2 protein chains.
Amino acid sequence: MSGSISPLAPKTYAEMPPVRGVRMATAAAGIKYKNRTDVLMMVFDRPATVAGVFTRSKCPSAPVDFCRANLPGGIARAVVVNSGNANAFTGRKGRESTKMTAEAAAKAIGCAESEVFLASTGVIGEPLDATKFSGVLDGLASNGTEDFWFEAAKAIMTTDTYPKVATRTAELGGVTVRINGIAKGAGMIAPDMATMLSFVVTDAAIPASVLQSLLSAGVGPTFNSVTVDSDTSTSDTLMLFATGAAEGQATVTADDASLDGFRSALNDLLRDLALQVVRDGEGARKMVAVTVEGAENDEAAKRIALSIANSPLVKTAVAGEDANWGRIVMAVGKSGEMADRDRLAIWFGDVRVAVDGERDPTYSEAAATAVMKQEDIPVRVEIGLGNGRATVWTCDLTKEYVEINGDYRS
Amino acid sequence: MSGSISPLAPKTYAEMPPVRGVRMATAAAGIKYKNRTDVLMMVFDRPATVAGVFTRSKCPSAPVDFCRANLPGGIARAVVVNSGNANAFTGRKGRESTKMTAEAAAKAIGCAESEVFLASTGVIGEPLDATKFSGVLDGLASNGTEDFWFEAAKAIMTTDTYPKVATRTAELGGVTVRINGIAKGAGMIAPDMATMLSFVVTDAAIPASVLQSLLSAGVGPTFNSVTVDSDTSTSDTLMLFATGAAEGQATVTADDASLDGFRSALNDLLRDLALQVVRDGEGARKMVAVTVEGAENDEAAKRIALSIANSPLVKTAVAGEDANWGRIVMAVGKSGEMADRDRLAIWFGDVRVAVDGERDPTYSEAAATAVMKQEDIPVRVEIGLGNGRATVWTCDLTKEYVEINGDYRS
């Protein structure tokens, strides 16, 4: 946890109401941090259905392996999350650590180990001593309360400067259901499936297979459309649980039109959390929304947008409040996607800075610079070739990013 | 040109002897910089053969378009290079500017416009006023001298902190021939064909088609294996000229074994210049050589090595002298190439820090940190799957990089 809070932090945090069917508790186990909570346990007293998406890294963490193995069962009774150590690239010791944690959690709850899900975040490569917190799981299991979302979000923070929470409601099967979510993440953010850690719970009753479809579709324009530094974590984990504790809800199936409202609320919540992650990007002072239109197709638009959003030269120019649109041209050019230089147009906010392959004839440095001084900077690029469209979000690259990451382990 | 010279600059510069058949002169035209030379003209009094490789950017500069159009002719009489303005994304004005420059150069030399080659480096998107230097080309053409390589390298600098020169000799066709080269580049360096600007001249007599084969093969393990910031320039241009002025040389053909010595000397020179570019990476304080072995094949090894070399988290850790090998694991994992976490081994210098998918049992933080304190840091990763091998070179990511690029245009 960094000393000062990101200037892009929410001015107010969402009030997080309980979600029926899930209880939470946290503990300070001293895994790496002193004087703060670093273990979170979520308990589903009745089995919840579960869906998950994970990092596409070829070197995933031990907890990611563990969750992937349990996911086909479709049932969750407990989630244990720790910060301060990612339990990634820890070999046999890492697997033993996940097994010890799952055993302790299953024993505390009275469930099968296959109904436990785990996540760890923090330093890669250091062995995780699970004995540090396996002893507290009994207490956490019995002390959990429904009204603990904000504290839960705080316990999973690493270099985050603020906790990330969001809540929505939707009409489903004749009743109002709730969706709550928390997330953590600030660096090593270029999700290629999910980003870092995020846990979303609804009290709706939704079969695991339907839940998985909703989640897999939902991450594309949300968590998979944000990038802080183009580095994909070994630990990315996004899980969605449905407790079914909202009373009186009718059964839903995959092709049920009644899911539309829920889907929409879920996607809105995922986007909210994903943008909170970018706004807490390490060292971030500005948020950039990059929209690419007129590309060959949507996939091409997204690749061009990510090429812009990941460019160190674009990001340092944003940090310097420099309307250096030439670097946008560079990033379009290097993306490898179809582009015709002489059809390109570029906007900063509402200010068109380039058109037809050259500087806009009415270009005003003052107008462009005024946009760059904003906290939120919309960048739009018109490729002029087709109907492909995508938006991705990133932050600027500042000296503070270099400082935070120059000596993270110590 | 930055205020202080990179700590990684060569301790001494190569003595640059003349290459028969090429003369050079420079001028201070005030294109962007004050009180320094910013135009270079190279003149081949007798037609030289020419080869070139250029940026793969879809938004190349006007001079890149111009050179591509002239290259099939295979003959060069003049090269005009300016710094301070890239003449990229300048539309019709950009094409007019290249035409005006080529006309003036052709008139000064008495050659065809198709025998003129152009390159520009600097800000993207600003119209380039070619009248600023087209008037001086007459003088440059007549005043050029053979003994001017170091000054030539200085005239093409932008954010470079030192000029980049290299020279080699080789035996070819019974005589000793010379190869001289200059390069510029410090930021926007992730060549995807060549990097920034580099001009190499030999007095050997080599047909253009053979020259092109040599150059195209030579860039792979040299200029195309370095990265400063993963950003590919719109202007990357590497050209090789053969004046044929070395007297008495026998004719060579593409499959001539006598080319071996020349090829080897050329590749060595290209590598020398490419590494000089990385060592002048914007804000660089350390140089990192990333070697990946045991990958599925050489291409996979190079992609993994570039994933490591381009990772902001790896580069900031190097800047902080932090032996954070967990980030190497992360970068291997995100590369998308085949990897088996539990077979990975990682070395910093001679210190093995990880093996068999976890921290080395004999890991010594002190030994690893001692390597990180070096100016030159070798990183080696053994994938353990095949025989693929590649080395790429990069530099660290420092606060100075952010500072240099936060306000480049002003």
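The model shown is predicted, which means the values in this text are computed figures rather than measured ones. Below, each value reflects all heavy atoms present in this structure, side chains not excepted, and no hydrogens, waters or symmetry copies. Order of the sequence lines fixes the chain letters, A, B, ..., with proteins taken first and strands second; residue numbering starts at 1 for each chain.
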Under 4.5 Å from any heavy atom of chain B - which part of A:S311 = both
Residues A:A354 and B:F89: closest non-hydrogen pair is CB-CE2, 3.6 Å
Quick one: which of A:A319, A:S307, A:P127, A:S335 has the most heavy-atom pairs under 4.5 Å with chain B, could you say?
-> A:P127
Interface moiety of A:R95 toward chain B, non-hydrogen atoms closer than 4.5 Å = side chain
Measure B:E337 against the heavy atoms of chain A and call it side chain, backbone, both or neither at under 4.5 Å.
-> backbone
OG1 (A:T90) and CZ (B:R341) are apart, to the nearest 0.5 Å, by 7.5 Å
Heavy-atom closest pair, residues B:C59 and A:V329 | CB-CG1, 3.7 Å
Could you tell me whether A:E403 and B:K399 have a side-chain N and a carboxylate O separated by less than 4.0 Å?
-> yes
Check whether B:P60 gets within reach of chain A through its side chain, its backbone, both or neither, counting any heavy atom under 4.5 Å.
-> both
What's the verdict on side-chain contact (heavy atoms from CB on, under 4.5 Å) for B:K58 and A:M338, showing C-alpha distance, side-chain angles and the deciding distance?
-> CA-CA 7 Å; B:K58 306 287 182 185; A:M338 259 225 284; over 6 Å; no
To the nearest 0.5 Å, tell me how far A:I124 CD1 sits from B:N324 CG.
-> 7.5 Å
For B:Y401 and A:P312, work out which heavy atoms get closest and say how close.
-> OH-CB, 3.7 Å
Shortest non-hydrogen pair, B:V402 vs A:T316, comes out as CA-CG2, 3.8 Å
Can you say whether B:D360 sits under 4.5 Å from chain A via the side chain, the backbone, both, or neither, judging by heavy atoms?
-> neither
How long is the gap from OG1 on B:T55 to CE on A:M330, to the nearest 0.5 Å?
-> 10.5 Å
About how many Å separate CG of A:L397 and CG of B:L397, when rounded to the nearest 0.5 Å?
-> 6.0 Å
